[in-house]
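Below is one structure, written out as C-alpha cells, with a few remarks after it.
To find a chain, count down the sequence lines: A is the first, B the second, and so on, and within it residues start at 1. Treat the numbers as computed from the prediction; the structure is a model and nothing was measured.
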Amino acid sequence: MCFKNLPVEFDERGQPFLRGGIPDPYTASTAPANVPLQLSHEQVEELVRRNGHVKSVDFDPVTRVAGALAFHAVADLKEGRVLEARSVATLFRGYEVIMVGRDPRDAIFITSRACGVCGGVHSTCSALAIEMAIDCVPPPLGILIRNLALSLEFLYDHPLHLHLLAGPDYSAAIVEPTNPALFARAKKTEAPHAEVHGYRTIAALMEDLNPLSGKLYVEALHMTRLAREAYVLICGKYPHPQTIVPGGMSSTITLTVMNEMFVRLSQFFDYSKKIASIWDDLTEFFYEANPRYKDVGRRRANMIDTGIFDHPDAYDASYKNADAWGNRRWATPGAIVDGELRTTDLHTINMGLEEFVEHSYYDEWTGEGQRQRFPTDPAGKPLSPYHPWNKITKPRPEGQNWKEKYTWDTAPRWDRLGMEAGCYSRLWSTAVAQKLPKNPFIEATGHSLKVRVPKGALPEMDLEWHVPTVWNAFERNRARAHCVAFTSMVAMNNWMAAMDRLKNGDTRTSVPYEIPKTGERLGVGFWGAGRGYLTHHLVLDRGAVSNYQIVTPSTWNASPTDRWGQPGPYEEAVMNTPLLEETLGTEEFRGIDVLRAIRSFDPCMPCTTHIHSDAGVITREVNTCACGVDG
Amino acid sequence: MARSLTLVGALGYRNLRDHSVAFEVLERLSKADLGPDVVLEDVSYNPIAVVQWLQAQPPDQQFQRVIVVSSIERAGRAPGAVSTYEWDRVVPSDALVQQAVTEAVTGIISLDNTLVIAGYFGVLPASVTIVEIEPLEHEFGDQLSAEVARAMASVVTLVRDMVHERSLGA
C-alpha cells in the first residue's frame with residue numbers, strides 16, 4: 001500500500017480512490033503512525049527549571065547558509081544531547097500573493113527572484129506549469145537545452161555548498177579548536193584517495209577546506225565561474241535568465257555555442273572525481289574516529305523528489321501522462337519512506353502532498369464554510385483540502401512563541417510524513433528505481449549509482465555512490481559530492497543528444513503559444529532545484545493567475561513541527577545529534593555538531609521565505625528571531 | 001602611451017524605485033561624450049563575479065580608476081542627499097569577509113559587500129571613488145522619488161567632472 005496515513009487506497013487496476021465510509025476523510029485526527037515527536041514546550045520548560053545543565057542553545061542567524069535562518073534548541077549539556085529543536089524562517093515569502101491576478105508568463109521572471117543561487121530552476125518550473133495549463137509542448141532541442149541549463153546551475157550550486165558553505169565545518173580552522181584530539185588523529189591518518197585529490201593526510205585536506213585561504217575554497221569559487229559562464233552561453237544571463245519561455249528556450253543555439261559550453265563543462269570531469277573522493281575520505285575518517293558521528297544529523301531516510309531532466313521523446317507537458325514522462329527522466333521521481341522507495345509516479349507524489357500551518361505565520365484556509373476548490377486532480381485522483389491547488393496563502397504573523405507560531409515556513413508533508421529534499425533524494429530514487437535511459441555514463445544498479453567519468457588530466461574513472469545504511473549529515477554531503485559527477489554526466493548525455501540534433505539541422509528550440517483567455521486550467525511544474533524537489537502549482541482563470549503555490553526543497557527541510565507534534569527535517573536531525581564537540585560545557589563551545597547537521601541540508605532560505613515589509617522590499621536583512629519573546 | 005582607463009560602475013536594483021537611480025545615471029552618461037577611456041558598466045551582480053570580471057581584464061585594459069554610483073541608506077542623510085568619498089580600502093576581519101562571500105555567492109548584491117570582496121581579492125585600483133545617493137522610495141516601480149530625481153542631474157554632472165578631471169590630469 002502506497003499511503004499508510006492518507007485515506008487513499010488503490011483498486012486492482014492501480015486507480016486510487018478515497019476510502020469509503022469516512023465523513024471527513026482528510027480530518028486532522030488522521031495522525032501519522034510511528035513518527036518521532038517533539039517534547040511539548042511545557043515538558044521542556046520543566047526540564048530547564050529542574051536541571052541547571054539543560055540550557056537553550058540558539059543560533060540566530062545560522063551563518064554560511066543562503067538567506068535568513070535561525071535555530072532554537074534546548075540541550076542537555078551534561079548528556080550532550082538535544083531535547084528540543086525549532087527551525088525558524090525569519091522572513092516572509094510573498095510570491096504566492098504577488099502572483100495572483102497576473103499574466104502567467106510573469107511568473108517565469110518574478111518567481112526566478114525566489115533565489116539568488118538558482119533562479120533558473122524557478123523560471124523553468126514556472127514554464128512547465130504554464131505548458132501544462134495551456135497544452136504547449138517544447139521541441140526536442142528546447143528540452144535538451146533546458147536540461148543542460150539546469151545541469152549547469154547545479155554545477156554552480158554543489159561546489160558552492162560543499163566547499164564554501166558546509167566545507168568550512170570540516171576544515172582545520174574549525175576542527176582543530178572544537179575537536180583537538182580529532183585533528184591530531186587527522187594529522188596521522190593517510191587519505192585513501194590521495195592519488196585522486198592530492199592530499200596525503202586528512203589534516204592536509206582539512207587545511208585546504210579553510211575558508212578564504214584554503215585551496216579547495218578558492219577552487220570552488222573558480223568552479224562557480226565556469227558553471228556560470230557555460231550557463232550564460234545558453235541562457236543569456238545568470239541567475240535570472242530571460243530565455244526560458246513556455247514551449248522551450250528563446251536562445252539561439254549553434255555548434256559554436258555548444259562547443260564553447262563543452263570547454264567549460266569538461267572541466268567538471270576531473271573536479272567531480274576529486275570532490276567525490278574528498279568527501280568519501282572525510283566521511284570515512286569521521287566514522288572511524290568516532291562511530292557516533294553517524295548520529296550527527298541522523299533522521300529516517302524519508303525523502304521526496306519530483307525528478308528532473310526530461311527525455312525529449314517522452315515529455316508532452318500533460319498532467320495525464322505525467323507518470324509516463326516522469327519515469328523517463330534522467331533523475332527519477334520518488335517518495336522514499338524509511339529507505340524504501342514507495343512510488344516513482346508523479347500523480348501519486350502529487351496526491352500525497354499537503355501543507356500545514358499550525359506553527360507558521362499563516363491562517364488556515366480550510367474549515368467550516370470553506371469549499372474545497374479541487375477535490376480531485378485533473379486525472380480524477382483524490383486531493384486533500386491541504387493540497388497546494390486548494391491552498392490559499394493568508395499571512396498572519398501573530399502568536400509568536402514556540403507553543404503557537406514561530407516561522408514563516410509551512411509544514412509540507414507527504415502521506416503526513418516529514419520528508420526531506422535534496423540532490424541526494426534524486427540520486428537515491430534514481431539508483432533504486434533503475435529507470436534511467438540507456439546511456440554510456442550512468443548506471444543504476446538498484447542499490448547504487450555508477451558514474452563513468454571521462455578522462456581529463458586524471459584518467460577515466462568509475463565512481464560509485466551506494467545507497468547508505470544510515471542517513472545523516474555526512475551522507476548528505478557525500479551524496480552531494482557524488483551528485484557533481486552524476487550531474488556532469490547528465491549534462492554530457494544531453495550535450496551529445498543536442499549536438500546530434502544540431503548536426504541534423506534541427507535548430508528549433510521553442511514553439512509558438514497563446515495564453516487562452518477562457519476557462520479554468522490547472523498546471524504544475526514538477527522540477528528540481530540544486531537542493532532537490534521543486535513544484536509550482538498554478539491555477540489559471542480566464543488567462544490570469546488565480547492561485548500560485550511554490551514548494552521548495554527548503555520548504556520541506558526547514559519546516560516546523562506539524563499539528564501532530566512531528567518535527568520538521570532540520571528539527572528531527574538536530575534532535576538526534578549528539579554533541580561531540582570537545583569544548584562542550586566551556587565558553588568555547590560552538591555547537592558545531594548542530595551546525596553540521598543543519599548545514600548538511602544546504603539550507604536555502606530565500607527560496608523558503610521572502611522579503612517584503614510594509615516599509616518596502618528588503619534588499620538586505622539583519623535578522624532577529626521573534627521567538628525570543630516567548631509566551 | 002599606456003591607456004588610463006576609468007570604470008564607472010552602477011550598483012543597485014532594477015525596478016526598485018530609488019534603488020534604480022544608478023542605472024539612470026549610467027544611461028545619461030552613456031549619451032555624454034566621455035571618450036574612449038571610460039567604461040560604463042552595470043556591476044549589480046554577484047560580487048564574486050565582479051571580482052572575476054575584473055581579474056579577467058587583459059593587462060592593457062586594467063582600470064586605473066573606479067567610480068561606483070549607488071543609492072544606499074545611511075543614517076542621518078536626507079533623501080536625495082549625495083555623498084562622495086574615496087574608499088578607505090579597509091577590509092574587515094576574515095570572519096566578516098567570509099560572511100560577505102557567503103552572501104555574495106547566494107545572491108546578495110550590495111555596495112558594501114562588493115567593496116569588501118573586491119578589496120579582499122585585491123582587484124581594485126588605488127583610486128576608488130564612491131558616489132552615494134540617499135534613497136527615499138523602496139517599493140517596486142520605475143519612478144524615482146522627486147528628491148532623488150532632483151539629485152540625479154547633479155550626480156551626472158559630478159561623475160562627468162570626475163572623469164574629465166582624471167583625463168585632464170592623466
- [ ] Using ring pair (Phe, Tyr, Trp, His ring centres under 6.0 Å) as the criterion, list what pairs up with Tyr238(A), not counting sequence neighbours.
- [x] Tyr156(A), Tyr231(A)

Task: Part of Arg228(A) within contact of chain B (heavy atom distance under 4.5 Å) - done: side chain

- [ ] Considering only heavy atoms, give the residues of residues 30-58 of chain B separated from chain A by less than 4.5 Å, sorted numerically, with 'none' for an empty result.
- [x] Asn46(B), Ile48(B), Ala49(B), Gln52(B), Ala56(B)

Task: Whether over 12 other heavy atoms sit under 6.0 Å from Lys237(A) NZ - done: yes

Task: Heavy-atom contacts under 4.5 Å, residues 68-89 of chain B to chain A - done: none

Got a list of side-chain donor-acceptor pairs under 3.5 Å for residues 114-121 of chain B, not counting sequence neighbours?
{"unit_1": "Thr114(B)", "atom_1": "OG1", "unit_2": "Ser110(B)", "atom_2": "O", "d": "2.9"}

Task: CG on Leu160(A) to OG1 on Thr106(B), rounded to 0.5 Å - done: 7.5 Å

- [ ] Specify which of Gly119(A), Pro168(A), Pro239(A), Pro211(A) makes the most heavy-atom pairs with chain B at under 4.5 Å.
- [x] Pro211(A)

Open item on the list: Is the shortest side-chain heavy-atom distance between Leu212(A) and Val101(B) below 4.5 Å?
Closed with: yes

Task: Residue Leu165(A) versus chain B: region with a heavy atom under 4.5 Å - done: side chain

